[in-house]
Amino acid sequence: MIEKYFDPSYIWTAFSQLMPFLKVTFAVSGLSILFGTLLGLLLAAAKLGKSTAARKLADAYTTIMRCTPSIVLLFLVYYGVPFLAGQFGLNLHDVHTAVFVVITFTLQFAAIMSEVARSAILSVNRGQYEAAVSVGLSPLQAYRRIVFPQAVVVALPNFANGLIALLQEGALAYTIGLIDIVGKANLIVAANFNAHALEIFIALALIYWVLSILIEQFFSLLERWLGRGKRTIKTT
Amino acid sequence: GSGDDAEGDDAVRKVKIAYDQASKPMSWIDENGKPTGYDVEVMKLVDELLPDYEFEFVGTTSDDLLIGVEQGKFQAGVKNAFWTEERTKKFLYPEEFLGLSSAGLVLRKEDENIKSLEDFASAGYSLAPIAANNAQYTVIEEYNNAHPDNPVKLQAGDSFTVDVVQWVNEGRVDGGVMIEGPFEKQVTAKDGPYHHLEEEVVYNEFDVIKTWPLFNREEKELAAAYDGAVKKLKEEKKLEELSEEFYGRNLFDVLDSVDR
Amino acid sequence: MQQSLNIPFLIDTFFTALSGVPITLAVTAVAMLIAVPAGFLLALSRVNEVPVLREITKVYVSFVRGTPIIVQIFITYASVPLILTALFEKYGIQANVYELNPIWYAFIVFSFSTTAILSEVFRSALSTVDRGQLEAAWSVGLTGFQSFRRIIIPQALVSALPNLATATVNLIKATSLGYALSLQEITLKAKVAANAGYNYIEAYIDIFLVYLILCSVVEFAFKKYEQRAARFRVQHV
Amino acid sequence: MLEFKGVRKSFGPLQILKGVDVEIGKGDVVVILGPSGSGKTTLLRCLNFLERADAGTARLGSLEVDLNRATKKEVHAVRQKTAFVFQNYNLFNNKTALENVMEGLITGRKQPKETARKKAAAALDKVGLSDKYDAYPVQLSGGQQQRVGIARALALDPEVILFDEPTSALDPELVGEVLGVMRQIAADGTTMLVVTHEMQFAKDVASQVVFMDDGVIVEAGTPGQIFDRPAEERTKRFLRRVLPDEYNYSI
Amino acid sequence: MLEFKGVRKSFGPLQILKGVDVEIGKGDVVVILGPSGSGKTTLLRCLNFLERADAGTARLGSLEVDLNRATKKEVHAVRQKTAFVFQNYNLFNNKTALENVMEGLITGRKQPKETARKKAAAALDKVGLSDKYDAYPVQLSGGQQQRVGIARALALDPEVILFDEPTSALDPELVGEVLGVMRQIAADGTTMLVVTHEMQFAKDVASQVVFMDDGVIVEAGTPGQIFDRPAEERTKRFLRRVLPDEYNYSI
Ligand SMILES: Nc1ncnc2c1ncn2[C@@H]1O[C@H](COP(=O)(O)OP(=O)(O)OP(=O)(O)O)[C@@H](O)[C@H]1O
Ligand SMILES: Nc1ncnc2c1ncn2[C@@H]1O[C@H](COP(=O)(O)OP(=O)(O)OP(=O)(O)O)[C@@H](O)[C@H]1O
Ligand SMILES: [Mg+2]
Ligand SMILES: [Mg+2]
């Protein structure tokens, strides 16, 4: 029964067909991460700052993002943004699909990132800041030279997790017609009249799996390199 | 049209024609990344006949095509669309249909005798899920509304994951709605991926249905221009050739019996 | 050319979307019921360094974390029937795999992925409990099993709760991909309703609202429970 | 009463205990002194099987076990006869003071809940915590937590209580509190083996003082012998360094 | 030299400092004693603006500031003239010993890197850490970390160094190390304000001893006055409790 439908050779052909579209996946995730990180840092600053209104707003934003499935957010942005723009007489119809995908995942990643940054900064003992100002650094210098370098090390693993999560949520961009690797897989399946879809999906899964392992490895190397001061030396 | 003589002519209007990029053989992106398929090829011919217009083909999902045409992102779209009552409220249908589509049930060999939706429903059989935005879904739904005492079990799903021939053959469902073209290419054709199942599944046509391009409601002129062009193509039997090429059968032979 | 929102439809479809909540919750509940004990056992296998099982768990967790859930759904939906039929044929079991309601696939996929996620949640929770707690339990004469049941697990549970809440919320959100399994949950129901009049924006606003309400309630419930379970951590002095 | 012989333990290449013998009579209070890293904690942990010794035997009343090869049952039996008071308390964080003391009685010793509650309350009263039954560990000060730890050990009514630096995590004011309780328990005739840096306590309470260094017992004797007339150079050097009246300011 | 007046501070409804005045001459070593919770740490933190006092003024040489309303600039100026040695060290975890000491000189005082390096090395040498320049804090023992903390303060060449229980996180052997260094610094004529529980150090080194309780200064005087002839009942009670030779065993 299985032999009738399953032909591993499709997996290999699928690889070569899918690979060229990795660059779309990378471009879209890369931009989302870049913008999402920037927005996320702003949100984190709001959450840690003195203004109650800004903090409440940032918290509410995070809750909403946490509670919205990616696919729903994707559609809301894709259809909602041009719709709203249309209400103001703005025509966004020539904007490329990828832009909406980037907007969606920027919004989502910012929420993840704001929590990563917030908890990382909080994890740096307040004494570090106090010691810095006590030797005559200004508060800004204390953050820049003492608190942030330590927070970055703490944030790295969570940042990597967020990155992997984003990459995977990005797989849903095919639903609005983006031809990244999942979109391409969709096209291959369609070109085969939906036959041998399983093999294509397996190829897709393997690509994602390898990617996420690479990301993990990269970040654990980075962490070791950045975390020199945290190295624990076993002393007797 | 896209003819060389039109270059630089101010009067030429560029319009976006969306097509479903994953609906072989009606419309899809070929190995070279170029749009093709019956629906697309007809529109290319139309383009050639319309010197005042230049068509740009935009591949997308069928959800997006519907919303995009409605919102005016695209001026028109082709996706092997049937005519339904609801759609007339959102879209402009032209006078002239685009092509014909044979809709049928894919069944196991032993169910060969089931020839219509009524038979299928009476047998209490299960049907493969159909994407909710697909007109096939509406066709079945309309049947069900007309036969409340003998409805087909209809389920919405995702076209990406449903391989009707495999599902029927496996026994995962008892039958599935399919357009003849894909079935042809998949099973009947010698190089089809399921040619080895030719003796196990059958395709029983229950209807031949006209398919239409969908126009944005503002595009009355474009639709009229289209009407003129298609009329001419039909007279030249160009469409029958394309039907033969993409569906392996000239569906215009049975045009007389088509009622929707 | 631009229309405004279809408000009556928006309201009607909100209730249609709401009617998908029981299915969403059923899938969530079943996945959790399976994943909590299974994930815990796998976490124990890593904490206690059970040879082969530990390696398998690692690969399994890495696969689930490394691949999009939609791809996991595609694969499961395409392969499980094939595999089951082959097995049934081989062992002569008379059962029809294909009479399965799609909800069973949802149970399989989401239990499979949630188990992996929870095994990580529990592993890190167990490692937050100080080893001294175990030693103290031994020193007052508790056996290993008693120590886990009465001292370690209650404490690990508390530190696991926030992550458990996140996992639950993520699971609820992930069921929105059930459309690929023809699962009659919130998203699919609203989309089918939208199809009649092509009111997609309204439908997605409704879906968004339903998830927002659902997840907020779940988060709130977890917070309340956490406060109760963590009373031993609250300082009243 | 309690006797152990030839206790050896290595961590990897590092030999921590190099053959230690100690004998304790019923009602004795034996204090172990020694510099940091000399193996005092490791010795106590081996006796309670929190670490597996590489070699050595222990005799506890009539029970004789091999510290290396003891079966699960023997380990359990030893733990039932002894109690351990941890340096950093190790109270069960998820249980109140009373529940902390009851846990070993109910789950470990299978005593009925009511009996356990009575015993636990009595033990807490003894260490002066009658008003803290329902407090969770985080709600207690360091000295109070350490006293709950002692009550938890006491309530088990063990043949020996092992104390590992019971005051080193406390601030100077709380030290007095805890040592006071221990002194009283000693006066009640409980057998105790105590690792501590509190010289005053050793002088006042110990029936025997053992000085350990580098994994061996250097010298043992009454407090008078050890503090006033130490025989070994190593002991003298150590005492000079730690006795409170003689701070050594050179770096 | 350093003088502060009427320092008040509340946390919510809790009044911690209820008007504290202290005066320190150049080269003085002032030791603040007092039970836990009496507000000693809070006082030091207010002087360095790690907490904002509710009221009070400080005069540091010619600089006079309002502890409640000081501007950013004034705060910075005070911090440039003082240095703080933290109870739990608070070394910069991401910097080596040398970098820890250099940081304040380079970034805070804008000194050229080379000058900073020389000063930092000299300060580390002074506390006996010539061989630990490149060690990260995790690679240092508690006593060594505390000495880096002291070097970090010394290198800034501040007018006053504030010490908050510089030895309470150390084990008995390391205490001697750190007190030795402090004694030497005191002998060099550095002005110091020290919160500590080490009575012996207070006796030996302090030019003035201040006894605080419950947010007020109960009594101040020379070590001889405070230790041998305390005037206040509260001071006597406290000394009885903490002096090492007089453990109080009653619960
Ligand atoms: N689990 C372990 N693995 C490796 N080395 C260990 C372990 N436990 C203890 N050691 C080492 O064994 C030696 C003795 O440790 P132990 O805790 O018994 O000393 P101690 O006499 O109790 O010292 P202290 O007074 O500082 O508590 C130390 O050098 C320590 O580093
Ligand atoms: N940030 C804060 N919020 C609320 N209360 C505080 C805060 N910091 C200190 N306190 C309270 O202020 C009081 C005095 O604290 P402080 O640390 O100054 O005492 P201390 O004299 O240094 O005691 P110790 O000797 O234990 O260090 C304590 O009761 C403490 O609980
Ligand atoms: Mg020890
Ligand atoms: Mg203090």
Side-chain angles (χ1 to χ4, degrees), chain A residues 1-6 63-64 66-80 82-89 91 115 161 164-165 167-172 174-175 181-182 185-186 189 196-216, chain C residues 1-5 59 62-79 81-86 88-90 120 165-166 169-170 172-177 179-180 186-187 190-191 200-219:
Chain A
M1 186 90 181
I2 284 187
E3 314 73 70
K4 260 193 256 179
Y5 309 110
F6 192 80
T63 306
I64 291 174
R66 255 173 76 100
C67 288
T68 313
S70 305
I71 192 164
V72 175
L73 188 64
L74 200 55
F75 277 82
L76 282 179
V77 168
Y78 187 56
Y79 297 128
F83 177 85
L84 285 180
Q87 306 289 319
F88 297 103
N91 186 343
E115 282 300 289
N161 284 343
I164 291 172
L167 192 68
Q168 294 175 10
E169 296 297 317
L172 294 171
Y174 86 89
T175 52
I181 51 172
V182 184
N186 196 351
V189 169
H196 294 291
L198 178 58
E199 293 89 329
I200 315 295
F201 299 150
I202 289 176
L204 198 55
L206 289 175
I207 292 176
Y208 270 106
W209 194 3
V210 169
L211 264 181
S212 77
I213 290 174
L214 289 179
I215 292 176
E216 258 174 14
Chain C
M1 176 156 146
Q2 284 287 346
Q3 308 94 326
S4 53
L5 292 179
V59 174
S62 141
F63 178 80
V64 168
R65 275 171 37 101
T67 53
I69 183 119
I70 185 77
V71 175
Q72 292 170 27
I73 290 174
F74 291 158
I75 290 182
T76 310
Y77 204 28
S79 69
L82 288 181
I83 295 167
L84 284 184
T85 324
F88 286 0
E89 259 172 24
K90 193 161 170 199
E120 283 295 282
T166 307
V169 167
N170 286 343
I172 290 177
K173 289 197 296 178
T175 58
S176 67
L177 303 178
Y179 71 86
I186 301 166
T187 314
K191 267 177 81 172
Y200 287 100
I201 294 176
E202 292 86 345
Y204 274 101
I205 291 175
D206 285 327
I207 299 170
F208 166 73
L209 290 176
V210 171
Y211 278 107
L212 194 59
I213 295 168
L214 195 57
C215 293
S216 305
V217 168
V218 169
E219 279 195 355

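Letters A, B, ... are given to chains in the order of the sequence lines, protein chains preceding strands, and every chain is numbered from 1.
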Open item on the list: Counting heavy-atom pairs under 4.5 Å with chain A, which one of C:Ser216, C:Cys215, C:Ala78 comes out on top?
Closed with: C:Cys215

Task: Side chain, backbone, both or neither of C:Thr175 within contact of chain A (heavy atoms, under 4.5 Å) - done: neither

Open item on the list: Heavy-atom cut-off 4.5 Å, strictly under: side chain, backbone, both or neither for C:Ile69 against chain A?
Closed with: neither

Task: Which atoms of C:Gln72 approach chain A - backbone, side chain, both or neither, heavy atom under 4.5 Å - done: neither

Open item on the list: What part of A:Leu198 gets within 4.5 angstrom of chain C, counting heavy atoms only: side chain, backbone, both, or neither?
Closed with: both

Task: A:Glu216 and C:Arg65 ion-paired at < 4.0 Å - done: yes

TODO: Please flag which part of C:Ile70 lies under 4.5 Å from any non-hydrogen atom of chain A: side chain, backbone, both or neither.
DONE: side chain

TODO: Measure from the ring center of A:Phe83 to the ring center of A:Tyr79 and say whether it is less than 6.0 Å.
DONE: no

Open item on the list: Given heavy-atom pairs under 4.5 angstrom as the criterion, report whether the side chain, backbone, both or neither of A:Ile213 touches chain C.
Closed with: side chain

Task: Part of A:Leu172 within contact of chain C (heavy atom distance under 4.5 Å) - done: side chain

- [ ] Under 4.5 Å heavy-atom distance to chain C, tell me which part of A:Thr175 shows up: side chain, backbone, both or neither.
- [x] side chain

TODO: Under 4.5 Å heavy-atom distance to chain A, tell me which part of C:Val217 shows up: side chain, backbone, both or neither.
DONE: neither

